[in-house]
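Just below is one structure, and these are the notes that go with it.
Nothing fancy with the numbering, it's 1 onward along the sequence. Order of appearance sets the numbers: ligands from 1, and atoms from 1 within every ligand.
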Amino acid sequence: MMQEWFRKAKLGIFIHWGIYAVGDVSESWSFHNGGISYEDYMKQCDGFTASKFDAKAWAELFKKAGAQYVVLTSKHHDGVALFDTQYSDLSVVKKTPAKRDLIKEYTEAVREAGMRVGLYFSLIDWSDPRYRTVYPEGSNPQDHLKDVFATPAGGPEDPEKWQEFLEFNNNQMRELMTQYGTIDLLWFDGDWERSANQWKAKEFKEYLQSMNPNVIVNSRLQGHGDYETPEQGIPLLGPKGVWEFCTTINSSWGYRPSDNHYKTSRQVIRMFCDCLTLGGKLLLDVGPKEDGTLDERQVKVLEDLGQFIHDNEEAIYDTEKGLSYNQFLGGSTLSADKKTIYLFVYDRPSEFLCVKGVKTPVKRVSVLHTGEELTYDYTGSLPWSGIPGTLWIRADKMQMHPLVTVLKVELEGEITYNLGHGEVVTNND
Ligand code: GLC
């Protein structure tokens, strides 16, 4: 169910933390795809210490980054729970030197810092033999002979065991939703390996809602989610309804020391602005090390993002999607009262910035973080014909923000548009 807090949220922090942070391998996929044996992958348990994990410090950093909610992997496709589950031995509490319920510390700290609490949970569990007892609906068993972690791989199906697996997931969900205070958001993953029918997705969702009627559920529940979650490739057009774009800071979800393909702060902020412009939100991923600390390059991006948001808050939090790219060659948002446009300027203009198709006259243009007023002019406008013309904002001399500069364009009233194909002027003055 869509809650107001989530509809309005602009930034979430995603955390992929698990035993995969020990070696230099990808989360779960590394053994699934044969990059490492299952045994070697699981040996990472011995090196997962969480020895410097400070949930409060995390929460403080995410808050400073401007986040309104946080989502942590409670269990990835490898099946290793970060919480103290009584339904399996496969948890960091029982199988690693960490010996702590990390979900407990995390949920408390995030809530205390005033952010909404989200949990990622993989429906897929490639470690549990019961998970492999049915084939993806409608598929040919012969096509799955190599899918050793996903399906019976040529063997017969066992619907009873599958039912047991679903109950196992239900039990773990009950633990998560009843022992850690209110969970505001559930972020499922891996639904694609089975159908809605096989997951019993409708009943599952009802079951979750019976524990928290207000819980928000992401889209990865075979048609039973509340919002869309495009991943890594930023959408060029906003998906329908409420959506959240999730992305990594380098190229990996979890910590990989060999991954130096970091995005710069400006790139990340640009992506954030792209999401806002199209009416979406950003869920930015960090991958903590096995000891619970973050790579300083990830911290830096979060701090810069926080700086940008802090300096330009009114252009971000209480806004809605902005102008189309046909109207302004850049990003933008619109204030809740629709009387102010905020323009995101990524590079120094060599002369003017221009805005097209806005009929309501401009009252004032300024640089948001300094208050500096900018001059502007219209060309081609014929107000009596409803033709707004082009608004030219002189912007070559303005003082830029070190990250992204925001211009505040105040209008005489609520925004109105003329977005046509142009018209013949039948009444010249
Ligand atoms: C992916 C992957 C995964 C990652 C996630 C994040 O498709 O299965 O490893 O956790 O989605 O969006």
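- For His76 and Tyr120, the ring centers sit closer than 6.0 Å to each other.
- Not one N or O on the side chain of Lys263 forms a donor-acceptor pair closer than 3.5 Å with the backbone of Met271.
- Taking the ring centroids of Trp253 and Trp29, they lie at or beyond the 6.0 Å cut-off.
- If you look at ligand 1, the protein residues with a non-hydrogen atom under 4.0 Å away are Phe14, His16, Glu27, Trp29, His76, His77, Tyr120, Trp187, Asp189, Trp192, Arg220, Glu231, Cys246, Trp253.
- The existence of a salt bridge linking Glu410 and Lys339 is excluded, since no basic side-chain nitrogen approaches an acidic carboxylate oxygen closer than 4.0 Å.
- Counting heavy atoms of neighbouring residues, nucleotides and ligands inside a 6.0 Å radius, atom CD of Gln232 exceeds 12 of them.
- For Glu137, the CD atom counts as densely surrounded, since its 6.0 Å shell holds more than 12 non-hydrogen atoms of other residues, nucleotides or ligands.
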